[in-house]
Q: 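Take this structure first; my questions come after.
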Protein chains: 2
Amino acid sequence: MSLATDAADKPTLYKRIRADIEKRILTGEWPPGYRIPFEHELVARYGCSRMTVNKALSELAQADLIERRRRAGSFVRRPQHQSAVLKIADMRAEITALGRTYGYELIGRKLRATTAADRERLGVKKAGKVVAITCRHSADNVPFAVEDRLIDLSSVPDAASADFSREPPGSWLLHHVPWTEAEHTISAIVADDRTAEALDIAVGAPCLVIERYTWRSARTITAVRLLYPGDSHRLVARFKGG
Amino acid sequence: MSLATDAADKPTLYKRIRADIEKRILTGEWPPGYRIPFEHELVARYGCSRMTVNKALSELAQADLIERRRRAGSFVRRPQHQSAVLKIADMRAEITALGRTYGYELIGRKLRATTAADRERLGVKKAGKVVAITCRHSADNVPFAVEDRLIDLSSVPDAASADFSREPPGSWLLHHVPWTEAEHTISAIVADDRTAEALDIAVGAPCLVIERYTWRSARTITAVRLLYPGDSHRLVARFKGG
DNA sequence: TTGACTTATATGTCTAGACATATAATCGTA
DNA sequence: TACGATTATATGTCTAGACATATAAGTCAA
């Protein structure tokens, strides 16, 4: 039998404190600029030690919900519209999540010495070798996106002998490269002849372009350009999702 | 005089521990799946208490760099390309950051009862009133983006009497609404006659579209649609930026 | 009024313990 | 061999202290 008020002893104390404060901020009860109770006040309110409330507040500060200032206290921060978590899912995951059948097709693969354009695109200076891959992802046999990728072989030598006819280079890399950082650039273009044909859309139709440049501790790994039919595809980014 | 190895006693111990581990992960020295030393081993290595290494590891877990499993240990996670922090800056900040002069111009403002299309766009069911705003942001007097916005007056009644002829609705809202969540959708279109004229580009030129839907604890606040010339504007998202 | 100095205080970090809990590994039994 | 019970252990949370440090606020002199 549980107590009358339903003890709900599931979450730990520091998480409850964090959730309590987060709720007051998100509902507007504690607006931006509001000084939330001092640690010693929360200690008294929750009847716990300072380290416990400190952990709750530290996590809120890490999430940019509050700002902590020595001697002054902790303050609710202004919402920051400008920052959003953009999910760029793995192509297969993205398509299967839509309940559609994922399809992959290798269009071209070439191993070559870097051209000046390749070096420009990869952001490297020295000459070297790359694998250039063109492939297409489809959903229910309808073109979903075309991919145009360069892999720097000086960083990922194994890619020279990898078989990309069945496995998309993106997932291959995900399993063969230990850790990476990436930069994304998003823009819009209209389809030229080749793009239109590859995506099975009209010439002049809008396309969304995502360019991703990936590296690991200052070493370039890959540069990829993804072209989506612009009117069908949508990227959804949710801010401050709990 | 500092010691030979350069003591560098600036950062606190837990931050040093966190940075040490992060570095090994990022350089690939500890690849995905690698079991990082147990807490008690790190305690021995750094000569500190368990709470200190626990704080370092907890933050790495929060940042999704490692995964912690009871009784098993802590493991380096696989890199997660699919998540990137997309910065959608405030328009003025974005333009001034480029070293250009920001300009704002109100094109139209209308207070009206919601149409079915408005309700669809705002995701509300009940009838009500909205302010519909169209405006233009420019950089060095060149059109930079056009904005088309609805504000739900049942959530933000003050917006009815706000003066949007000088202040963009985005910054007005930022100062009048306590805290919000948002969802962004990005797509591409080609400019129709009106868009082409507003952005001073050719009909049929590509445009990048960002739609943002904002709410506060389940209450709709605003829906905004931003149109950028697609070949000039770029959104940059950086993943796992230190 | 202004600037320099002092003080009070809230947060930042850390310790040396404690018990809770999930679970990998082992052991025992059918 | 397969499965259920037991045990060992790494992490999860928490405490009651401690000292460090940045800084808001007050004090005092020029």
Side-chain angles (χ1 to χ4, degrees), chain A residues 2-3 6-25 30 32-78 242, chain B residues 2 7-25 30 32-78 242:
Chain A
S2 66
L3 294 171
D6 184 17
D9 41 19
K10 217 38 162 309
T12 56
L13 181 53
Y14 95 85
K15 280 181 181 160
R16 245 192 59 217
I17 299 173
R18 172 159 61 73
D20 280 2
I21 296 171
E22 191 170 321
K23 192 178 165 191
R24 286 186 214 249
I25 293 174
W30 289 351
Y34 181 88
R35 207 212 75 225
I36 73 176
F38 294 132
E39 291 190 352
H40 69 261
E41 295 175 297
L42 293 169
V43 162
R45 179 179 306 180
Y46 289 96
C48 62
S49 85
R50 211 191 119 212
M51 278 303 287
T52 302
V53 310
N54 183 283
K55 181 159 188 173
L57 294 179
S58 294
E59 289 194 5
L60 289 169
Q62 252 191 292
D64 270 341
L65 243 75
I66 65 170
E67 187 189 344
R68 312 199 72 199
R69 290 206 298 271
R70 274 181 158 147
R71 163 75 210 236
S74 302
F75 301 83
V76 177
R77 283 183 59 120
R78 194 166 291 293
Chain B
S2 66
D9 42 20
K10 216 39 163 307
T12 58
L13 181 52
Y14 96 85
K15 281 181 181 161
R16 243 193 61 216
I17 299 174
R18 171 158 62 73
D20 280 3
I21 296 171
E22 191 170 321
K23 192 177 163 192
R24 286 186 213 250
I25 294 174
W30 290 351
Y34 181 88
R35 207 212 75 227
I36 74 176
F38 294 131
E39 291 190 351
H40 68 262
E41 295 175 299
L42 293 169
V43 162
R45 178 178 307 180
Y46 289 97
C48 63
S49 85
R50 211 191 117 211
M51 279 303 286
T52 302
V53 310
N54 183 282
K55 181 160 187 173
L57 293 179
S58 295
E59 289 194 5
L60 289 170
Q62 255 191 289
D64 269 341
L65 242 74
I66 66 171
E67 187 190 345
R68 311 198 75 198
R69 289 205 300 272
R70 274 181 155 141
R71 163 75 210 238
S74 302
F75 301 83
V76 176
R77 282 183 60 123
R78 197 164 287 295

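Numbers restart at 1 for each chain; the letters A, B, ... are given by sequence-line order, proteins then strands. Every value quoted in this text rests on a predicted model; they were computed, and no experiment measured them.
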Q: Side chains of B:I21 and B:L65: closer than 4.5 Å at any heavy-atom pair?
A: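 They are not in contact (no side-chain heavy atoms under 4.5 Å apart), so the answer is no.
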Q: Could you give the start and end, 5' to 3', of the contact zone on DNA chain C for chain B, using atoms under 4.0 Å from its heavy atoms?
A: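 Listed 5' to 3', the contact boundaries are C:dT13 to C:dA25.
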Q: Closest-nucleotide mapping onto DNA chain D: is A:R50 or A:R69 further toward the 5' terminus? I mean the 5' end.
A: A:R50
Q: For B:L57 and for A:L13, locate the closest nucleotide of DNA chain D by heavy-atom distance; then report the residue assigned to the nucleotide nearer the 5' terminus.
A: B:L57
Q: Which atom names give the shortest non-hydrogen contact between A:P37 and A:L42, and what distance separates them?
A: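 Residues A:P37 and A:L42, closest heavy atoms: O-CD1, 3.8 Å.
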Q: Run the side chain to side chain contact (heavy atoms under 4.5 Å, CB included) test against B:R24 and tell me which residues pass, sequence neighbours left out.
A: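 Here the qualifying residues are B:E29, B:W30, B:R45.
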Q: Short of 4.0 Å, heavy atom to strand atom, which residues of residues 33-49 of chain A count as contacting DNA chain D?
A: A:C48, A:S49
Q: List in chain and number order the residues that pass side chain to side chain contact (heavy atoms under 4.5 Å, CB included) with B:A61, two or more places apart in sequence or in another chain; answer none if no residue qualifies.
A: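 If we apply the side chain to side chain contact (heavy atoms under 4.5 Å, CB included) test to B:A61, skipping adjacent residues, the hits are B:I66, B:R68.
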Q: Residues two or more places apart in sequence or in another chain: which of them pass side chain to side chain donor-acceptor pair (under 3.5 Å) with A:R18?
A: A:E59
Q: At their closest point, which heavy atom of B:C48 faces which heavy atom of B:T52, and how far apart are they?
A: SG-CB, 3.9 Å
Q: Which residues pass the salt bridge (Lys or Arg N to Asp or Glu O under 4.0 Å) test with B:R78, not counting sequence neighbours?
A: none
Q: Grab the two heavy atoms, one from A:S58 and one from B:K55, that are nearest each other, plus how far apart they are.
A: OG-NZ, 4.5 Å
Q: Which residue, A:R71 or A:S58, contacts DNA chain C at a nucleotide closer to its 5' end, judged by nearest heavy atom?
A: A:R71
